[in-house]
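Sequence lines set the chain letters: A, B, ... in the order given, protein chains first and strands last, and positions in each chain run from 1.
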2 protein chains.
Amino acid sequence: MSETHQPPLQPAPAAAGGCPLCSPATEAVLWCDRRCRVVLAGEAGYPGFCRVIWQAHVAEMTDLAEDDRAHLLRVVLVVERALRDLVAPLKVNLASLGNQVAHLHWHVIPRFADDAHFPDAVWAARRREGVAHAVDAAALAERLRGLLPVE
Amino acid sequence: MSETHQPPLQPAPAAAGGCPLCSPATEAVLWCDRRCRVVLAGEAGYPGFCRVIWQAHVAEMTDLAEDDRAHLLRVVLVVERALRDLVAPLKVNLASLGNQVAHLHWHVIPRFADDAHFPDAVWAARRREGVAHAVDAAALAERLRGLLPVE
(Lines give C-alpha, C1' and ligand atoms only; values in the text may rest on other atoms or scores of the structure.)
Protein backbone atom coordinates (compact mmCIF):
# COMPACT_ATOMS: atom_id res chain seq x y z
CA MET A 1 0.00 0.00 0.00
CA SER A 2 1.20 3.50 -0.74
CA GLU A 3 1.69 6.14 1.93
CA THR A 4 -1.53 7.80 0.88
CA HIS A 5 -3.44 4.63 1.73
CA GLN A 6 -4.82 4.41 -1.78
CA PRO A 7 -4.66 0.94 -3.30
CA PRO A 8 -2.34 0.75 -6.32
CA LEU A 9 -3.80 0.90 -9.78
CA GLN A 10 -3.25 -2.51 -11.27
CA PRO A 11 -2.95 -3.69 -14.84
CA ALA A 12 -6.16 -4.87 -16.43
CA PRO A 13 -7.03 -8.56 -16.62
CA ALA A 14 -6.83 -10.10 -20.10
CA ALA A 15 -8.93 -8.06 -22.51
CA ALA A 16 -12.01 -9.66 -24.06
CA GLY A 17 -14.42 -8.28 -26.59
CA GLY A 18 -14.53 -4.66 -25.51
CA CYS A 19 -16.31 -5.37 -22.20
CA PRO A 20 -15.11 -2.73 -19.71
CA LEU A 21 -15.16 -5.27 -16.88
CA CYS A 22 -13.17 -7.82 -18.90
CA SER A 23 -10.68 -5.15 -19.92
CA PRO A 24 -10.75 -2.18 -17.53
CA ALA A 25 -8.27 0.62 -18.15
CA THR A 26 -7.21 0.73 -14.50
CA GLU A 27 -8.77 -0.52 -11.30
CA ALA A 28 -8.19 0.07 -7.61
CA VAL A 29 -8.19 -3.62 -6.64
CA LEU A 30 -8.66 -4.29 -2.93
CA TRP A 31 -8.77 -8.08 -3.09
CA CYS A 32 -8.96 -10.77 -5.73
CA ASP A 33 -8.84 -14.47 -6.35
CA ARG A 34 -9.19 -16.52 -9.51
CA ARG A 35 -12.99 -16.16 -9.49
CA CYS A 36 -13.70 -12.57 -8.53
CA ARG A 37 -12.17 -9.27 -7.53
CA VAL A 38 -13.16 -6.43 -5.19
CA VAL A 39 -12.47 -2.90 -6.40
CA LEU A 40 -13.16 0.63 -5.23
CA ALA A 41 -15.82 1.91 -7.62
CA GLY A 42 -14.43 5.44 -7.69
CA GLU A 43 -17.94 6.94 -7.83
CA ALA A 44 -18.02 10.65 -7.03
CA GLY A 45 -19.36 11.31 -3.55
CA TYR A 46 -19.07 7.66 -2.49
CA PRO A 47 -15.47 6.85 -1.49
CA GLY A 48 -16.51 3.57 0.14
CA PHE A 49 -18.55 2.33 -2.83
CA CYS A 50 -17.09 -1.08 -3.74
CA ARG A 51 -17.72 -3.44 -6.62
CA VAL A 52 -17.33 -7.18 -6.61
CA ILE A 53 -16.70 -8.33 -10.16
CA TRP A 54 -16.87 -11.90 -11.41
CA GLN A 55 -13.72 -12.53 -13.45
CA ALA A 56 -15.43 -14.45 -16.26
CA HIS A 57 -17.83 -12.76 -18.65
CA VAL A 58 -21.25 -14.08 -17.60
CA ALA A 59 -24.44 -12.06 -17.24
CA GLU A 60 -26.64 -13.44 -14.48
CA MET A 61 -26.19 -15.03 -11.04
CA THR A 62 -28.17 -18.03 -12.27
CA ASP A 63 -25.62 -18.53 -15.06
CA LEU A 64 -23.15 -19.57 -12.36
CA ALA A 65 -22.76 -23.02 -10.83
CA GLU A 66 -24.01 -23.33 -7.25
CA ASP A 67 -20.55 -23.24 -5.73
CA ASP A 68 -19.62 -20.15 -7.71
CA ARG A 69 -22.81 -18.35 -6.66
CA ALA A 70 -22.05 -19.12 -3.04
CA HIS A 71 -18.47 -17.91 -3.38
CA LEU A 72 -19.42 -14.63 -5.03
CA LEU A 73 -22.15 -13.91 -2.48
CA ARG A 74 -19.78 -14.76 0.36
CA VAL A 75 -17.34 -12.18 -0.98
CA VAL A 76 -20.13 -9.60 -1.35
CA LEU A 77 -21.17 -10.12 2.26
CA VAL A 78 -17.60 -9.97 3.51
CA VAL A 79 -17.30 -6.57 1.81
CA GLU A 80 -20.54 -5.54 3.56
CA ARG A 81 -19.12 -6.75 6.90
CA ALA A 82 -15.81 -4.96 6.38
CA LEU A 83 -17.52 -1.69 5.42
CA ARG A 84 -19.83 -1.89 8.42
CA ASP A 85 -16.84 -2.45 10.69
CA LEU A 86 -14.77 0.36 9.20
CA VAL A 87 -17.23 3.14 8.37
CA ALA A 88 -20.42 2.22 10.28
CA PRO A 89 -22.89 3.25 7.55
CA LEU A 90 -26.54 3.87 8.35
CA LYS A 91 -27.40 1.23 5.74
CA VAL A 92 -25.62 -0.93 3.20
CA ASN A 93 -27.02 -1.19 -0.33
CA LEU A 94 -26.35 -4.33 -2.38
CA ALA A 95 -27.24 -4.57 -6.06
CA SER A 96 -26.46 -6.55 -9.17
CA LEU A 97 -28.04 -4.73 -12.11
CA GLY A 98 -25.91 -5.07 -15.26
CA ASN A 99 -28.25 -3.24 -17.61
CA GLN A 100 -25.44 -1.14 -19.01
CA VAL A 101 -22.61 -3.65 -18.65
CA ALA A 102 -23.95 -7.21 -18.67
CA HIS A 103 -20.91 -8.67 -16.98
CA LEU A 104 -21.82 -9.98 -13.54
CA HIS A 105 -20.86 -7.52 -10.80
CA TRP A 106 -22.22 -6.40 -7.45
CA HIS A 107 -22.39 -2.92 -6.02
CA VAL A 108 -21.76 -2.71 -2.25
CA ILE A 109 -22.53 0.83 -1.14
CA PRO A 110 -22.26 2.21 2.40
CA ARG A 111 -25.04 4.79 2.80
CA PHE A 112 -25.37 7.72 5.18
CA ALA A 113 -28.23 10.07 6.00
CA ASP A 114 -26.25 13.03 4.65
CA ASP A 115 -24.97 11.44 1.43
CA ALA A 116 -26.05 12.86 -1.92
CA HIS A 117 -29.09 10.61 -2.48
CA PHE A 118 -30.28 9.25 0.87
CA PRO A 119 -32.90 7.81 1.36
CA ASP A 120 -33.16 7.22 -2.37
CA ALA A 121 -31.06 4.79 -4.36
CA VAL A 122 -27.78 6.18 -5.69
CA TRP A 123 -29.25 5.79 -9.20
CA ALA A 124 -32.03 8.29 -8.44
CA ALA A 125 -31.71 12.06 -8.80
CA ARG A 126 -29.28 13.67 -6.38
CA ARG A 127 -31.07 15.26 -3.39
CA ARG A 128 -28.20 17.41 -2.12
CA GLU A 129 -24.49 18.00 -2.59
CA GLY A 130 -23.93 15.37 0.04
CA VAL A 131 -21.11 14.41 2.35
CA ALA A 132 -18.52 11.99 0.94
CA HIS A 133 -17.69 9.68 3.84
CA ALA A 134 -14.05 8.67 3.58
CA VAL A 135 -12.84 5.11 3.87
CA ASP A 136 -9.29 3.98 4.63
CA ALA A 137 -8.71 1.87 1.54
CA ALA A 138 -5.58 0.23 2.96
CA ALA A 139 -7.48 -0.80 6.08
CA LEU A 140 -10.35 -2.08 3.95
CA ALA A 141 -7.99 -4.15 1.79
CA GLU A 142 -6.33 -5.54 4.90
CA ARG A 143 -9.68 -6.42 6.45
CA LEU A 144 -10.72 -8.22 3.28
CA ARG A 145 -7.50 -10.21 3.21
CA GLY A 146 -8.10 -11.21 6.80
CA LEU A 147 -11.68 -12.30 6.21
CA LEU A 148 -11.06 -13.89 2.80
CA PRO A 149 -7.87 -15.93 2.65
CA VAL A 150 -7.14 -16.39 -1.06
CA GLU A 151 -7.80 -19.96 -2.20
CA MET B 1 -55.42 -19.40 -7.51
CA SER B 2 -58.31 -17.47 -8.92
CA GLU B 3 -59.49 -17.69 -12.51
CA THR B 4 -57.77 -14.42 -13.30
CA HIS B 5 -54.41 -15.93 -12.34
CA GLN B 6 -53.83 -13.24 -9.76
CA PRO B 7 -52.55 -14.57 -6.46
CA PRO B 8 -54.95 -13.99 -3.60
CA LEU B 9 -54.40 -11.08 -1.28
CA GLN B 10 -53.48 -12.57 2.04
CA PRO B 11 -53.82 -11.30 5.56
CA ALA B 12 -50.79 -9.55 6.92
CA PRO B 13 -48.29 -11.32 9.16
CA ALA B 14 -48.33 -10.27 12.78
CA ALA B 15 -47.96 -6.51 13.04
CA ALA B 16 -44.83 -5.10 14.69
CA GLY B 17 -43.92 -1.52 15.42
CA GLY B 18 -45.36 0.17 12.37
CA CYS B 19 -42.92 -1.42 9.90
CA PRO B 20 -44.77 -1.86 6.59
CA LEU B 21 -42.99 -5.14 5.92
CA CYS B 22 -43.78 -6.48 9.39
CA SER B 23 -47.40 -5.41 9.02
CA PRO B 24 -48.35 -4.97 5.34
CA ALA B 25 -51.96 -4.04 4.59
CA THR B 26 -52.25 -6.72 1.89
CA GLU B 27 -49.72 -8.67 -0.13
CA ALA B 28 -49.83 -10.85 -3.23
CA VAL B 29 -47.86 -13.74 -1.74
CA LEU B 30 -46.45 -16.19 -4.28
CA TRP B 31 -44.53 -18.40 -1.88
CA CYS B 32 -43.53 -18.38 1.76
CA ASP B 33 -41.94 -20.39 4.49
CA ARG B 34 -41.20 -19.59 8.12
CA ARG B 35 -38.13 -17.52 7.23
CA CYS B 36 -39.11 -15.51 4.15
CA ARG B 37 -41.85 -14.78 1.63
CA VAL B 38 -41.98 -13.93 -2.06
CA VAL B 39 -44.53 -11.32 -3.14
CA LEU B 40 -45.44 -9.50 -6.30
CA ALA B 41 -44.26 -5.94 -5.71
CA GLY B 42 -47.18 -4.35 -7.55
CA GLU B 43 -44.94 -1.63 -9.00
CA ALA B 44 -46.54 0.28 -11.89
CA GLY B 45 -45.09 -0.79 -15.23
CA TYR B 46 -43.35 -3.85 -13.76
CA PRO B 47 -45.83 -6.73 -13.39
CA GLY B 48 -43.05 -9.27 -12.86
CA PHE B 49 -41.25 -7.25 -10.17
CA CYS B 50 -40.99 -9.54 -7.13
CA ARG B 51 -39.81 -8.96 -3.59
CA VAL B 52 -38.32 -11.50 -1.26
CA ILE B 53 -38.93 -10.38 2.30
CA TRP B 54 -37.25 -11.76 5.40
CA GLN B 55 -40.01 -12.46 7.93
CA ALA B 56 -38.14 -11.14 10.97
CA HIS B 57 -37.34 -7.46 11.36
CA VAL B 58 -33.60 -7.24 10.70
CA ALA B 59 -31.80 -4.62 8.61
CA GLU B 60 -28.75 -6.11 6.92
CA MET B 61 -27.74 -9.39 5.32
CA THR B 62 -24.79 -9.56 7.71
CA ASP B 63 -27.22 -9.42 10.64
CA LEU B 64 -28.33 -12.93 9.65
CA ALA B 65 -26.69 -16.21 10.61
CA GLU B 66 -24.82 -17.95 7.79
CA ASP B 67 -27.54 -20.52 7.19
CA ASP B 68 -30.21 -17.83 7.03
CA ARG B 69 -28.18 -15.78 4.55
CA ALA B 70 -27.79 -18.82 2.35
CA HIS B 71 -31.48 -19.61 2.54
CA LEU B 72 -32.60 -16.09 1.66
CA LEU B 73 -30.15 -15.86 -1.25
CA ARG B 74 -31.25 -19.28 -2.50
CA VAL B 75 -34.84 -18.04 -2.58
CA VAL B 76 -33.78 -14.82 -4.37
CA LEU B 77 -31.99 -16.83 -7.04
CA VAL B 78 -34.88 -19.26 -7.45
CA VAL B 79 -37.10 -16.25 -8.14
CA GLU B 80 -34.54 -15.07 -10.71
CA ARG B 81 -34.53 -18.55 -12.29
CA ALA B 82 -38.33 -18.74 -12.40
CA LEU B 83 -38.65 -15.27 -13.93
CA ARG B 84 -36.03 -16.09 -16.56
CA ASP B 85 -37.89 -19.28 -17.43
CA LEU B 86 -41.31 -17.62 -17.60
CA VAL B 87 -40.72 -14.16 -19.09
CA ALA B 88 -37.21 -14.34 -20.59
CA PRO B 89 -36.09 -10.84 -19.57
CA LEU B 90 -33.15 -9.15 -21.22
CA LYS B 91 -31.60 -8.79 -17.75
CA VAL B 92 -32.52 -9.48 -14.14
CA ASN B 93 -31.84 -6.81 -11.52
CA LEU B 94 -31.24 -7.86 -7.91
CA ALA B 95 -31.06 -5.35 -5.09
CA SER B 96 -31.30 -5.08 -1.34
CA LEU B 97 -31.38 -1.39 -0.44
CA GLY B 98 -33.60 -0.74 2.59
CA ASN B 99 -32.94 2.98 2.86
CA GLN B 100 -36.63 3.77 3.18
CA VAL B 101 -37.72 0.58 4.95
CA ALA B 102 -34.84 -0.94 6.88
CA HIS B 103 -36.42 -4.40 7.03
CA LEU B 104 -34.38 -6.86 4.98
CA HIS B 105 -35.90 -7.45 1.54
CA TRP B 106 -34.69 -8.12 -1.98
CA HIS B 107 -35.98 -6.72 -5.22
CA VAL B 108 -35.94 -9.16 -8.15
CA ILE B 109 -36.81 -7.25 -11.30
CA PRO B 110 -37.07 -8.66 -14.82
CA ARG B 111 -35.89 -5.94 -17.20
CA PHE B 112 -36.62 -5.39 -20.88
CA ALA B 113 -35.16 -3.01 -23.47
CA ASP B 114 -38.55 -1.31 -23.85
CA ASP B 115 -39.46 -0.98 -20.18
CA ALA B 116 -39.84 2.47 -18.64
CA HIS B 117 -36.25 2.89 -17.39
CA PHE B 118 -33.94 0.60 -19.36
CA PRO B 119 -30.93 0.67 -19.37
CA ASP B 120 -31.11 2.70 -16.17
CA ALA B 121 -32.07 1.35 -12.77
CA VAL B 122 -35.79 1.44 -11.98
CA TRP B 123 -34.97 4.03 -9.30
CA ALA B 124 -33.69 6.51 -11.91
CA ALA B 125 -35.89 8.93 -13.85
CA ARG B 126 -38.29 7.28 -16.27
CA ARG B 127 -37.01 7.34 -19.86
CA ARG B 128 -40.27 6.49 -21.63
CA GLU B 129 -43.82 5.33 -20.95
CA GLY B 130 -42.53 1.80 -21.31
CA VAL B 131 -44.04 -1.58 -21.98
CA ALA B 132 -45.32 -3.50 -18.95
CA HIS B 133 -44.36 -7.11 -19.63
CA ALA B 134 -47.02 -9.37 -18.15
CA VAL B 135 -46.25 -12.37 -15.99
CA ASP B 136 -48.58 -15.28 -15.26
CA ALA B 137 -48.61 -15.02 -11.47
CA ALA B 138 -50.19 -18.43 -11.01
CA ALA B 139 -47.52 -20.06 -13.15
CA LEU B 140 -44.84 -18.15 -11.25
CA ALA B 141 -46.23 -19.28 -7.90
CA GLU B 142 -46.41 -22.88 -9.16
CA ARG B 143 -42.83 -22.71 -10.43
CA LEU B 144 -41.64 -21.40 -7.05
CA ARG B 145 -43.44 -24.17 -5.22
CA GLY B 146 -41.76 -26.68 -7.51
CA LEU B 147 -38.28 -25.26 -7.03
CA LEU B 148 -38.67 -24.49 -3.32
CA PRO B 149 -40.42 -27.23 -1.38
CA VAL B 150 -41.47 -25.63 1.89
CA GLU B 151 -39.39 -26.85 4.82
Test of understanding: clusters of I, L, V, M, F, W, Y form through side-chain heavy atoms closer than 4.5 Å, transitively. Do [X] and [Y] belong to the same one?
{"X": "B:Val76", "Y": "B:Ile109", "value": "no"}
{"X": "B:Leu40", "Y": "B:Val52", "value": "yes"}
{"X": "A:Leu97", "Y": "A:Leu72", "value": "no"}
{"X": "B:Val87", "Y": "B:Tyr46", "value": "no"}

With sequence neighbours excluded, residues passing salt bridge (Lys or Arg N to Asp or Glu O under 4.0 Å) with B:Asp114: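 Salt bridge (Lys or Arg N to Asp or Glu O under 4.0 Å) list for B:Asp114, sorted by chain: empty.
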
Sorted by first residue and then second, give each side-chain hydrogen bond (donor to acceptor under 3.5 Å, both in side chains) pair with at least one member in residues 76-89 of chain A; sequence neighbours left out.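 Residue pairs with at least one partner in residues 76-89 of chain A: A:Glu80-B:Thr62, A:Arg81-A:Asp85, A:Arg84-B:Thr62, A:Arg84-B:Asp63, A:Asp85-A:Arg143.
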
What distance separates A:Leu77 CG from B:Met61 CE, expressed to the nearest 0.5 Å?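 Rounded to the nearest 0.5 Å, the CG-CE separation comes out at 5.0 Å.
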
Inter-residue atom distance B:Asn99.CG - A:Leu90.CG, 0.5 Å rounding: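 Reported value, rounded in 0.5 Å steps: 8.0 Å.
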
Residue-level interface, residues 116-126 of chain A with chain B, non-hydrogen cut-off under 4.5 Å: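 Within residues 116-126 of chain A, the residues under 4.5 Å from chain B are A:Phe118, A:Pro119, A:Asp120, A:Ala121, A:Trp123, A:Ala124.
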
Name all pairs fulfilling the salt bridge (charged side-chain N to carboxylate O under 4.0 Å, His left out) condition that reach into residues 87-100 of chain A, sequence neighbours left out, sorted by first residue then second.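 Salt bridge (charged side-chain N to carboxylate O under 4.0 Å, His left out) check on residues 87-100 of chain A returns A:Lys91-B:Glu60.
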
A:Leu73 versus chain B, heavy atoms under 4.5 Å apart: side chain, backbone, both or neither?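 Answer is side chain: those atoms of A:Leu73 sit under 4.5 Å from chain B.
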
